[in-house]
Amino acid sequence: MKYDFKAIEKKWQQRWEQEGTFYAKEDHTLPKFYPLIEFPYPSGQGLHVGHPRSYTALDLVARKKRMEGYNVLYPIGWDAFGLPAENYAIEHKVHPKTVTEKNIQNFRRQLKALGLSFDWSREVNTTDPEYYKWTQWIFLKLYEKGLAYKANMDINFCTSCKVGLANEEVVNGVCERCGSEVVRREKEQWMLKITEYADRLIQDLDTVDYIERVKIQQKNWIGKSFGADIRFPIEGTREELLVYTTRPDTIYGATYMVISPEHPLITTLREGIENLAEIKVYQEEARKKSDFERTELNKDKTGIQIKGFHARNPISEQLIPIFVSDYVMMSYGTGAIMGVPGHDQRDYDFAKAFGLDIIEVISGGDISKEAYTGDGVLVNSPLINGMKVKEAIETMISHIEDRQLGYKKTNYKLRDWVFSRQRYWGEPIPIIHCEHCGTVPLEEKDLPLILPEVESYETAEDGSSPLAKIEEWVNVTCPKCGGPAKRETDTMPQWAGSSWYFLRYTDPHNHEAFSSQENLDYWLPIDWYNGGMEHTTLHLLYSRFWHKVLYDVGAVPTAEPYAKRTSHGMILGENGEKMSKSRGNVVNPDEIIENFGADTMRLYEMFIGDFEKSVSWTENGVKGAKRFLDRVFKLPQWVRDETGYSEDLEVLIHQTIKKVSHDYEHLKANTAVAQLMTLVNEYYKRKSITRDEMKILLILLNPVAPHVTEEIWEKTGYPDTIAEQKWPQYLEEKTKEDTVELAVQFNGKVRFKIVVERSASGSEIEKMVLAHERFNEFTGGKAVAKVIVIPERLVNIVLK
RNA sequence: GCCGAAGUGGUGGAACUGGCAGACGCGUCGGACUCAAAAUCCGAAGCUCUUCGGAGCGUGGGGGUUCGAGUCCCCCCUUCGGCACCA
């Protein structure tokens, strides 16, 4: 009989669909398990072979947990708003909805062909008004809480997409999506106050089980630092300059000050600035520079002194010059710094370029060569001389606070989230601007605010959203005063819909709420979330933020959405490069399934290597996986009508149950599969196995290769289906042989081996070794200094 | 520059708290089957010497701790990921 994977896979997929085999149950008395994968963006390219790596890994766990009696919710949906569909629509003059729908159908077909045990009855789609109604509802909650606000600010603006970008979306100074140049532009934008949650987003990482590098990356991204804000008076005026520093201990070394080109002080002092015209030129140049130029290309320090004013160092009381330079950013701290060239390399470079004084205040380095940033003893600092850095910082901060010269301060690198997009294919922001009442939120009963039809999807030349062109949609009457008003025409970014989708899965057809309290109480938190490292500082942080807001308004029962987070490595092309059309190394999952079958595809991706690392695809590897399934398929010919395990196979079988059970749940399916291969190799040597030996193999292999194992199960005449079986248990005492082979080493080199009872004591083993016929062969006439016996491992004879 | 991960045969990768390095797969070689090939089945194999008994060397490089190090400590090199004039 031939292994006809096409027929087999089709048959079982139909059966699972008809019977709803993998639907989550509404029975809340059962123990629950909620694994989650990042729902895909249904792109026009179709499924990438990388998608199934993550999906299959959690599918193994989902299937195993079901067999262990858990009520499992393993859902799937579509993150379907976003730029690619819109750009395609612009180019081909079709509605993004049409494109999206087509892509979803394709993705659905491809995913179903993989036999993943998703609960297809709970599919969600972020572009469905029934879904985005609740995305808008959450926005209103953010607005009510004062966490959504409109601000006129410098934003990152993509010159090609004509859209404002969050800092997170600017990569190396270019747009993450299209790779075009990003410039700074002032625009009124909706912002979300994620910074208000910065501390909790750090702190609560201690309460969740994320892989360490995710935690570290999030912490670095939030970038919390401790220091002080210190006031430097401007001599001869009532103005002062507030600076943020993490090193108040170095204040005696502050020989100048720098403000960023956007700093308001320039305007405040304009009357008295002698070289105002020059400064304006510098400001203009800085404004034109993109962030990319300002940071990447222009490491050489530029700047200009503000003539006519000096600041007074509040501690040393010396008068020091003030400069404008673009190496200081308005967006961090106070937009002004004290320049300490002796102990900060950037300040050092600047001082060298402008011939400013460099004073050593911490000993230990050589400031004639470079800034010294290490620890040491304070010098040239009357108040804190002789102290070490840590003590000096504390002493100086309390001194400053006592004299009211400043105060302790914590800063974050994290900025508020730029939430507006001047694009069509996103959720409309449910806000009305009334001339009389100002900003008026829509009422809940008016949700969803449906995305209207437009004629063209392009962003207008002035940078406003395509929605702005639809007058009959934009012009409304104010819900408060009934006067003339206009709708907000910006839409939300793609991150909106994906910030809460996992909540909708728990109750996807609810019309009254995004989910019932009861379902949320039962299903949350997500037990295990697997996804890509690229989402660590974007999606993962945003969704944690939204979840905390919802927690604060009492809408969800947990402070954190995900109890556990893991990450998968990428699958690269055969040449070791990222798969892409232009490199011509793209592997199409459809072809693999067509030629080798879904089970082979799943098995291969699980066996390919370390789950967390990137790996190259190899066609030969796929063939190897297929070969293994072929071997399994031929096993029934050797099944003899007998139950139980052969005595000499029992240990291997218990070891296999143990290893496979453990490895599936620790993302080590590669070694689980290796163990199953070992078992099958053993069956092949015997050419005769019992019904139970066949059965255990099928159950253990089922999560990886569900179709073929069900088929063999049925054909071999076992009752019911594997999906209905209980996950097997192993007995620890049966995972070990009665006798063990020990290596006997002489000075660390293995010379011979002995076989002993596992229960043999150290002294018994030692006696056996010393009495061994080959013992004297290796002593070389030397005396034995020591005998080290490691039970079940080895014996080491140390010779003098 | 800073933070993080990783360097193991021809190759992808195994190796629990330090305890026989190289499981399992791919590729290679040999055998069986075949007119032949493919497929399949069985077997061999880290490298270098070898008098065919075996001996030596081996986990990026150099030191160290230990009876014993892929694993722990110090220094260095390389690759990948993230951040980056963040004061």
Side-chain angles (χ1 to χ4, degrees), chain A residues 171-172 211-221 223-225 227 243-247 250 254 258 260 291 294-296 298-301 325-329 331-340 343-347 349-350 373 411-415 533-534 536-537 567 569-570 603-604 607-610 612-625 627-628 630-631 634 659 662 668 670-681 684-685 687 741-753 785-799:
Chain A
V171 176
N172 286 333
I211 48 172
E212 203 52 31
R213 59 198 168 119
V214 168
K215 288 190 183 186
I216 290 166
Q217 252 185 55
Q218 289 211 345
K219 279 182 196 162
N220 288 348
W221 186 261
K224 189 175 187 176
S225 73
V243 303
Y244 172 70
T245 177
T246 56
R247 296 294 303 274
T250 62
V258 187
S260 91
D291 264 353
R294 209 165 142 170
T295 61
E296 293 293 317
N298 216 3
K299 294 280 186 187
D300 287 338
K301 301 283 180 289
S325 173
D326 63 6
Y327 87 91
V328 174
M329 307 286 142
S331 49
Y332 182 76
T334 61
I337 60 156
M338 58 179 201
V340 184
H343 305 282
D344 181 294
Q345 193 55 41
R346 293 153 303 175
D347 295 347
D349 296 341
F350 188 82
T373 54
N411 257 319
Y412 302 90
K413 290 187 197 173
L414 185 71
R415 319 276 169 80
M533 278 310 283
E534 70 274 20
T536 303
T537 52
S567 210
M570 266 196 298
L603 180 82
Y604 171 64
F607 187 60
I608 192 168
D610 185 333
E612 295 202 350
K613 284 195 209 136
S614 294
V615 275
S616 299
W617 184 271
T618 61
E619 177 98 9
N620 276 330
V622 180
K623 286 183 188 158
R627 192 173 297 154
F628 173 67
D630 283 336
R631 278 162 73 83
K634 285 188 287 191
K659 182 152 186 62
H662 175 272
K668 295 203 173 287
N670 54 335
T671 48
V673 171
Q675 181 71 23
L676 290 168
M677 287 173 168
T678 306
L679 186 65
V680 169
N681 289 346
Y684 261 71
K685 276 190 195 129
K687 298 200 165 42
E741 191 185 55
L742 300 184
V744 179
Q745 300 180 330
F746 285 77
N747 284 341
K749 285 194 199 307
V750 179
R751 295 305 185 184
F752 61 87
K753 295 181 179 181
K786 208 172 173 187
V787 179
I788 290 155
V789 179
I790 310 295
E792 298 181 45
R793 297 279 177 195
L794 52 68
V795 179
N796 192 10
I797 312 291
V798 187
L799 301 171

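Every chain is numbered from 1 and lettered A, B, ... according to where its sequence line falls, protein lines coming before strand lines. Worth knowing before you read on, the calculation uses all heavy atoms, side chains too, and leaves out hydrogens, waters and symmetry mates. The structure presented is a predicted model; accordingly, all values stated were derived computationally and were not measured.
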Find the distance A:Glu612:CD to B:A6:P and express it as a whole number of Å. 9 Å
Do A:Asn796 side-chain and B:C67 base share a donor-acceptor contact under 3.5 Å? yes
Are the side chain of A:Lys634 and the backbone N or O of A:Arg631 linked by a donor-acceptor pair below 3.5 Å? no
With hydrogens left out and only the distance checked, is there a donor-acceptor pair under 3.5 Å joining A:Lys301's side chain and the base of B:C85? yes
Rounded to the Å, how far apart are A:Ile211 CD1 and B:G82 P? 14 Å
Tell me the interatomic distance from A:Gln345, atom CD, to B:G1, atom P, rounded to whole angstroms. 12 Å
A:Gln675 CD - B:A14 P separation (whole Å): 15 Å
In whole angstroms, how far is the P atom of B:C24 from the NZ atom of A:Lys623? 22 Å
Rounded to the Å, how far apart are A:Phe628 CZ and B:C26 P? 11 Å
Remember a base hit wins even if backbone is also touched, and classify A:Tyr684 as base, sugar-phosphate or nothing at under 4.0 Å, heavy atoms. sugar-phosphate
Does B:G53 count as syn, meaning its glycosidic angle lies within 90° of 0, or as anti? syn
Under 4.0 Å, heavy atoms only, any strand: does A:Ser225 hit a base, just the sugar-phosphate, or nothing? sugar-phosphate
Take atom CG of A:Asn411 and atom P of B:C85, then tell me their distance rounded to the nearest Å. 16 Å
Any N/O donor-acceptor pair, A:Lys413 side-chain to B:C83 base, under 3.5 Å: no
For the pair made of CD in A:Glu619 and P in B:C26, what is the distance, rounded to whole Å? 14 Å
Mind telling me whether B:G60 is syn or anti, cutoff 90° either side of 0? anti
